[in-house]
*Asks:* 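Please see the structure below; I have some questions.
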Amino acid sequence: MTELTKTLELKLVDPNAHKRRKLRETREAYQHALQDAFDARCTTQTEANDVVVNYDLSGYAKNALKKYVPQLTTTYNADELHDNHPVRFTNEGLRLDHKPENAIEWYVKIPHHEDYHLWIPAQPNPEQRGWLEALNAGDATMGESRLFERDGTWYLHVTATRNVEERSEASADERTAIGVDIGEASLVTVCHRDDHGSPTAPKLWADEGKTVRQLRKTYFTATRRLQTRGSEHIPESFGEDVWNQIDDLFHRVTREVVEYAESVENPVLVLEDLTYMRESMDYGEYMNRRLHGWGFAKLHAQIRYKAVERGIPVETVNPRNTSRECHACGEVGYRPKQATFTCTNDACWMGEYQADVNGAINIADRYLSGESHSREDTDGDDSAEDGGRLTAPQDTQADAETQQETLGTYAS
């Protein structure tokens, strides 16, 4: 049994003028309270409470703020806030109601202030219906929720957690380890060893990596040109369009990674552990680019939760030197080109090898050698930037899951 956390998206259906006004009032009061508590550099819930208590917000929004602001000022040491943060509510603040006999089946109760709530019909992602039904039946637990507006439409994101059974009862020794390398030459590369120990069936998403690089280059080139002309900000719609294209590509690739795993008998997907990357950022420029420039955390999270939903176990390993070691002899080599690994051991048969496939095999081998450990999905523990309206296709550890949660109507 594995605990899985997922963000459910509901689109609020045609709230009338009165309810739209109330939603805007809630958002404005929340953003003022957030800004004031942030400007006051509140580092504890008590300090944040002294600020937000004066605002006309529900206790659920105030309690969410009291937890969120100290995260921003201490854990993440944020210098400024993104515009248009969504309104956060603690898990007690939201209620769902299911009316299967109605054309619109789902309704949500959204807190406005202490004694006033708004019931609004909501349209969920149809692929997430089972999750909503589990919440409604008490088979899943509700976490924090976020309310935000995009292009004139209001959305609500709800964090839900449930237990998912693994399909296979195979032991660790019986599993086929599939190494997952997230890189630059290839956006994602997967490979595993066959029964004889030989690397087999590698799959590379190299074209997708090229597409992401081109989209990012387009965005940053346009940004520089505007700054040269004296414009401080690129239009938000342009940034969102670029990120939506990248986001759609990420979701397609991660689905295909899980489909690859399903084609293998008793699979286990092996990823590089983000904890080591965050705590030991001394791997040099290459590793920094992988974590901060390539949406590593976002791809990592999407693969993990999609695999767990399909009953495929996920393990993680220490990423140190997985891109630099030869999978055949273990010698540290080098990469004369981004896509090429060269072994420096004259006695090794390998010589040159596809660099991303070499990395994927090393990742799988670390599981086979017993160096791995389980990492349950923790997407509900949101980062400080979650919910900020993004204007650039960037993917730091702090905002990776934000982009998943705030962009793309039916992202997952």
Side-chain angles (χ1 to χ4, degrees), residues 2 4-9 124-132 134 157 159-160 162 164-168 175-192 201-213 215 242-272 274 290 294-316 356-357 360 363-364 375-380 393 395 400-412:
T2 301
L4 177 64
T5 299
K6 191 175 183 68
T7 298
L8 312 183
E9 183 177 75
N125 177 344
E127 295 181 2
Q128 297 176 340
R129 180 186 179 93
W131 277 81
L132 277 178
H157 283 168
T159 302
R162 65 192 296 195
V164 178
E165 291 188 7
E166 294 183 0
R167 293 180 183 175
S168 174
R175 294 197 180 279
T176 302
I178 302 170
V180 182
D181 182 84
I182 299 173
E184 294 184 270
S186 173
L187 184 63
V188 180
T189 302
V190 293
C191 191
H192 63 282
K203 182 173 178 59
L204 297 85
W205 284 265
D207 289 343
E208 288 77 5
K210 182 178 179 181
T211 298
V212 173
R213 289 195 301 273
L215 286 168
V242 171
W243 179 256
N244 282 334
Q245 293 181 63
I246 295 175
D247 194 54
D248 290 342
L249 187 148
F250 276 15
H251 277 287
R252 176 175 63 79
V253 169
T254 53
R255 281 195 298 270
E256 291 173 2
V257 167
V258 175
E259 289 167 2
Y260 175 98
E262 287 185 307
S263 71
V264 175
E265 186 176 1
N266 293 328
V268 54
L269 282 167
V270 187
L271 305 171
E272 294 175 299
L274 289 175
R290 294 184 70 194
W294 267 93
F296 191 100
K298 185 181 182 72
L299 287 163
H300 190 282
Q302 288 184 12
I303 291 169
R304 189 172 65 244
Y305 79 70
K306 289 173 184 175
V308 173
E309 279 195 306
R310 304 275 186 100
I312 299 171
V314 177
E315 301 284 341
T316 57
D356 298 299
V357 176
I363 292 168
R375 299 277 293 178
E376 291 184 353
D377 185 88
T378 55
D379 288 349
D395 228 312
E401 293 170 10
T402 302
Q403 294 164 330
Q404 154 122 15
E405 294 180 5
T406 60
L407 300 178
T409 303
Y410 294 140
S412 57

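All residue numbers refer to positions in the sequence shown, counting from 1.
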*Asks:* With rounding to the nearest 0.5 Å, note down the distance linking NE2 in H192 to CZ in R175.
*Replies:* 14.5 Å
*Asks:* Among all residues two or more places apart in sequence or in another chain, which pass the side-chain contact (heavy atoms from CB on, under 4.5 Å) test with A360?
*Replies:* D181, T189, C191
*Asks:* Drop me the distance from T254's OG1 to K306's NZ, to the nearest 0.5 angstrom.
*Replies:* 2.5 Å
*Asks:* Is there a donor-acceptor contact under 3.5 Å linking the side chains of H251 and R255?
*Replies:* no
*Asks:* For the CD atom of Q302 and the CZ atom of R304, what is their distance to the nearest 0.5 Å?
*Replies:* 10.5 Å
*Asks:* For S186 versus A206, what's the shortest heavy-atom pair and its separation?
*Replies:* OG-N, 3.6 Å
*Asks:* Return the set of residues passing side chain to side chain donor-acceptor pair (under 3.5 Å) with R162 (not counting sequence neighbours), or none when no residue passes.
*Replies:* none
*Asks:* Which pair of heavy atoms, one from I312 and one from A261, lies closest together, and at what distance?
*Replies:* CD1-CB, 3.9 Å
*Asks:* Kindly compute the distance separating CD1 (I182) from CG (L299), expressed to the nearest 0.5 Å.
*Replies:* 5.0 Å
*Asks:* To the nearest 0.5 angstrom, please state how far the CD1 atom of I303 sits from the CD1 atom of I178.
*Replies:* 11.0 Å
*Asks:* Could you tell me whether the side chain of F250 reaches within less than 4.5 Å of the side chain of L187, counting heavy atoms only?
*Replies:* yes
*Asks:* Check V258 against A307 and note the closest heavy-atom contact, atom names and distance.
*Replies:* CG2-N, 3.8 Å
*Asks:* Can you list the residues that meet the side chain to side chain donor-acceptor pair (under 3.5 Å) rule with E256, with sequence neighbours excluded?
*Replies:* W205, R252
*Asks:* What are the two closest heavy atoms between E272 and H300, and how far apart are they?
*Replies:* O-NE2, 3.0 Å
*Asks:* Would you say the side chain of I363 lies within less than 4.5 Å of the side chain of V180, judging by non-hydrogen atoms?
*Replies:* no
*Asks:* Mind checking the CD1-CZ spacing from I246 to R213? Nearest 0.5 Å is all I need.
*Replies:* 12.0 Å
*Asks:* A side-chain contact here means heavy atoms from C-beta on lying under 4.5 Å apart; do V308 and K6 qualify?
*Replies:* no
*Asks:* Counting only N and O atoms by type, is there a donor-acceptor contact under 3.5 Å from the side chain of Y305 to the main-chain atoms of T7?
*Replies:* no
